[in-house]
Amino acid sequence: MKLVQKELSDQEIIRLEKWKKLQEKGIEVFPHQAEKSHSVFEVVRDFYDLTREELEEKVYPVKVPGRIMAVRKMGRATFFHIADFRDRLQVYLREDIVGKENYELFELFDIGDVILVEGRLFRTRTGELTVLAEKFSFLAKSFHPLPEKWHGLQDVELRYRKRYLDLIMNPEAGETFLIRSQLIAKIRKFFDDRGFIEVETPMMQVIPGGALARPFKTFHNALGIDLYLRIAPELYLKRLIVGGMEKVYEINRNFRNEGVDSQHNPEFTMLEFYQAYINYHQLMDLTEELFLYLAREIHRKEELQYGDQSISFKRPWKRIKFREAILEYGGLSPARLDDEKAVLEMAANLAADSRSLTYSKALDVIFDKLVKDKIIQPTFIINPPKEISPLAKSDRENPEEAARFELVIAGMELANAFSELTDPFEQRERFEEQAAMRQKGDEESHLVDLDYVEALEYGLPPTGGEGIGIDRLTMIFTNQKSIREVILFPLLKPR
RNA sequence: GGCCCGUUAGCUCAAUAGGUAGAGCAGCGGACUCUUAAUCCGCGGGUUGAAGGUUCGAGUCCUUCACGGGUCACCA
């Protein structure tokens, strides 16, 4: 018997010795299954309201699995708690009930062991719902001591590397990931109820498209070809609209070979949905509905606390043109905004790499640096420059602007949506413009995807499409400031 | 990648000005049949992230490296 860790602490050696003793006694430590009646969470949920008298009148037998969390031994009686990732439940162990031999056996149980407790419910003098144990047995032995009971696991790195310890010790962690799960479930319900079809499209692509980002590259041995992990599902989802699927959505991972910070993880989860026959204005309405629905369903509120801000999803949300947002929040005069040279200069000072800057990209840089942070309440930023939107239709009134919006909440870009470009000839031109930029050294420009253009040549009806970052959405809904707090296993360098 | 901060017992943290590395929890032994950060008595536990350097003497000062956090850059 060897543990992964090479150098063992005294406590680990003691636990191994206890295991040995258990084997000598022929006690099953790692059984094949457990006859449970309730989880800890279910006991607390279902019996929380029963009074002491009700519990005395009628016997409520339970068989509950859980991890031993805190032991208070007082001679021939012991109190301890068992926990699952949502709740904890007190257990009362008495020598006169379980028998002397069994009571002494409890010495071989440690904090951290997973056990099954069988008994009846009662309330203690202080009123705490408690299992009066009649039997208890091992479900698994823990060979390592748990982190400190009061402070929990504080080391941020360890919390990410050993998320299981975070979940065992810190109830807030479990709560965060529960909300994440509920968000995704409710998003599915929202779209399913509206007749959308959930689909899955390739994660490995020959031409990574649908966004402006650098991809991860890999290689397929049998076919002998380079493949890329997808940066977005967009072009495939629109092929499905061509194929007549009127409303589709996908919730899945995207991969972008970029830096890591509190708002970016190399793999992240995106919702993308496409609906034929609608434009980006209708998408804004749908987006408002979706967020309001999620806030009501999950938090029973229309306003959420995020840091020291209160974010209101009450409709209607602010809609402001990209240009005007820069004027309003960026502190530029209209004259300065139209002065191409001045704008380029300003952006060059804000960006490290100013080689491939154009007027439109410069505006985007200024927006990112100076404007985005200042927008806290849900705000649609509409009609950004067409040049940075190669897959969107041009705006009807201003052909240099895109029929597109970005949704900003709490200084983060939450969503990006547009009236999809459906004209195959214009799409091809836009791809070629992007290719020209790539020639000039812009690695994030879009690659030409003629297979996609060919799909458009068969006829893509007018379509509205949108992407929503699920991780950032979860951050807003769980009041977390780092994306790593909402991803169970964020990318870390190996130890 | 740049800059700043952090890394000390299983965990959470101390260690004045460079002078014998400590506490709480956890663990071990003992007392205790309504405790809940249980209490009381006693005990053990350290390559101070790694490698160099300065010094009579380094957890502490210097250099390099590793990992993490924050921030800037790039991105969503």
Side-chain angles (χ1 to χ4, degrees), chain A residues 5 7-15 17-18 52 69-81 88-98 103 107 110-112 122-128 130 132 142-162 165 168-169 210-215 231-232 254-270 272 349-354 364-365 368-369 372 406-408 412-416 442-444 467-473 475 481-484 490 492-495:
Chain A
Q5 200 178 66
E7 286 174 27
L8 300 184
S9 67
D10 293 354
Q11 300 196 40
E12 286 156 339
I13 291 164
I14 286 164
R15 282 170 185 242
E17 281 166 0
K18 286 184 183 177
R52 178 175 295 130
M69 293 308 287
V71 180
R72 300 173 291 282
K73 189 186 168 189
M74 295 159 304
R76 285 189 282 281
T78 300
F79 283 96
F80 61 93
H81 277 90
R88 42 169 38 207
L89 176 65
Q90 185 165 254
V91 179
Y92 187 31
L93 198 64
R94 293 172 59 117
E95 192 187 86
D96 57 3
I97 291 176
V98 298
Y103 190 77
E107 290 302 314
D110 287 301
I111 289 173
F122 78 109
R123 281 193 188 276
T124 59
R125 193 175 291 160
T126 52
E128 181 165 351
T130 302
L132 183 60
S142 171
F143 293 101
H144 301 288
L146 287 181
E148 204 241 8
K149 63 183 170 191
W150 190 242
H151 298 91
L153 183 62
Q154 296 295 324
D155 186 314
V156 176
E157 185 180 352
L158 270 183
R159 286 184 42 236
Y160 299 157
R161 286 190 196 278
K162 301 191 174 179
L165 286 181
I168 290 168
M169 298 309 300
L212 306 180
R214 292 207 293 248
I231 54 175
N254 289 345
F255 306 87
R256 299 191 185 173
N257 209 338
E258 308 282 357
V260 178
D261 65 28
S262 64
Q263 285 180 38
H264 300 265
N265 195 62
E267 51 176 315
F268 63 102
T269 302
M270 187 91 137
E272 283 204 14
N349 288 330
L350 293 166
D353 181 7
S354 55
D364 200 33
V365 168
D368 271 358
K369 301 288 163 219
K372 211 193 272 179
E406 289 181 296
L407 171 62
V408 177
M412 290 191 285
E413 188 181 329
L414 258 285
N416 180 24
D442 183 353
E443 285 182 63
E444 275 149 22
I468 296 178
I470 297 296
D471 311 281
R472 291 180 181 176
L473 180 71
M475 288 167 69
K481 267 131 240 115
S482 168
I483 199 167
R484 287 180 216 98
L492 296 174
K493 281 202 199 180
R495 262 290 189 198

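These numbers come from a predicted model, not from an experiment.
Separation of the P atoms belonging to B:rA9 and B:rU48 is 10 Å when rounded to the nearest angstrom. Taking the P atom of each, B:rC62 and B:rU55 are spaced 16 Å apart, rounded to whole Å. Rounded to a whole angstrom, the distance from the P atom of B:rC56 to that of B:rA17 is 23 Å. Rounded to a whole angstrom, the distance from the C1' atom of B:rA66 to that of B:rG49 is 8 Å.
Atoms CG (A:Asp442) and C1' (B:rC74) sit 11 Å apart, rounded to a whole Å. Atom P of nucleotide B:rC28 and atom CG of A:Asp10 are separated by 11 Å, given to the nearest angstrom. For the pair A:Lys162 NZ and B:rC11 C1', the computed distance is 12 Å after rounding to whole Å. Remark: C1' of B:rA76 and CD of A:Glu272 are 11 Å apart, rounded to the nearest angstrom.
In a base pair of the Watson-Crick type (N1 to N3 plus N6-O4 or O6-N4) or a G-U wobble (N1-O2 and O6-N3), with each distance short of 3.5 Å, B:rC67 is matched with B:rG6. Pair assignment for B:rG22 gives B:rC13, based on Watson-Crick or G-U wobble hydrogen-bonding distances that are each under 3.5 Å. Partner assigned to B:rU48 is none, using Watson-Crick or G-U wobble distances below 3.5 angstrom. Searching all strands for a Watson-Crick or G-U wobble partner of B:rG1 with both distances below 3.5 Å returns B:rC72.
Judged by atom type and distance alone, A:Gln263 does not reach the base of B:rA76 through any side-chain donor-acceptor pair under 3.5 Å. One can find a donor-acceptor pair under 3.5 Å joining the base of B:rU35 and the side-chain atoms of A:Gln90. Judged by atom type and distance alone, A:Asp155 does not reach the base of B:rC11 through any side-chain donor-acceptor pair under 3.5 Å.
A donor-acceptor pair is defined here as one N or O able to donate and one able to accept, closer than 3.5 Å; no such pair exists between the side chain of A:Arg76 and the backbone of A:Arg94. A donor-acceptor distance shorter than 3.5 angstrom exists from the side chain of A:Arg472 to the backbone of A:Gln263, with no hydrogens or angles considered.
If you check the side chains of A:His151 and A:Glu148, you find a donor sitting under 3.5 Å from an acceptor.
Checking B:rU12, B:rG69, B:rA76 against the side-chain heavy atoms of A:Leu492 singles out B:rG69 as nearest. For A:Thr124, taking side-chain heavy atoms from C-beta onward, the closest of the listed nucleotides B:rU35, B:rG27, B:rC32 is B:rU35. The listed nucleotides are B:rA76, B:rU12, B:rU35; the one nearest the side chain of A:Glu413 is B:rA76. Checking B:rA26, B:rU12, B:rC34 against the side-chain heavy atoms of A:Pro145 singles out B:rA26 as nearest. Comparing B:rU35, B:rC67, B:rA76 by their nearest atom to the side chain of A:Lys493 picks out B:rC67. Listed candidates were B:rG10, B:rC74, B:rU33. Nearest to the side chain of A:Arg76 is B:rU33. Comparing atom distances between the A:Trp150 side chain and each of B:rC34, B:rA37, B:rU12 picks out B:rA37 as nearest. For A:Asp261, the listed nucleotide lying nearest its side chain is B:rA73; candidates were B:rA73, B:rC67, B:rG69. In the set B:rU35, B:rA76, B:rG24, the nucleotide with an atom closest to the side chain of A:Ile483 is B:rA76. The listed nucleotides are B:rG69, B:rA76, B:rU12; the one nearest the side chain of A:Gln154 is B:rU12.
Residue contacts shown for A:Lys372 are absent, as no nucleic acid heavy atom lies under 4.0 Å away. Among the protein residues, A:Leu414 comes within range of no part of the nucleic acid, since none of its heavy atoms lies under 4.0 Å from any strand. Among the protein residues, A:Gly152 comes within range of the sugar-phosphate backbone only, with heavy atoms under 4.0 Å from sugar or phosphate atoms but none that close to a base.
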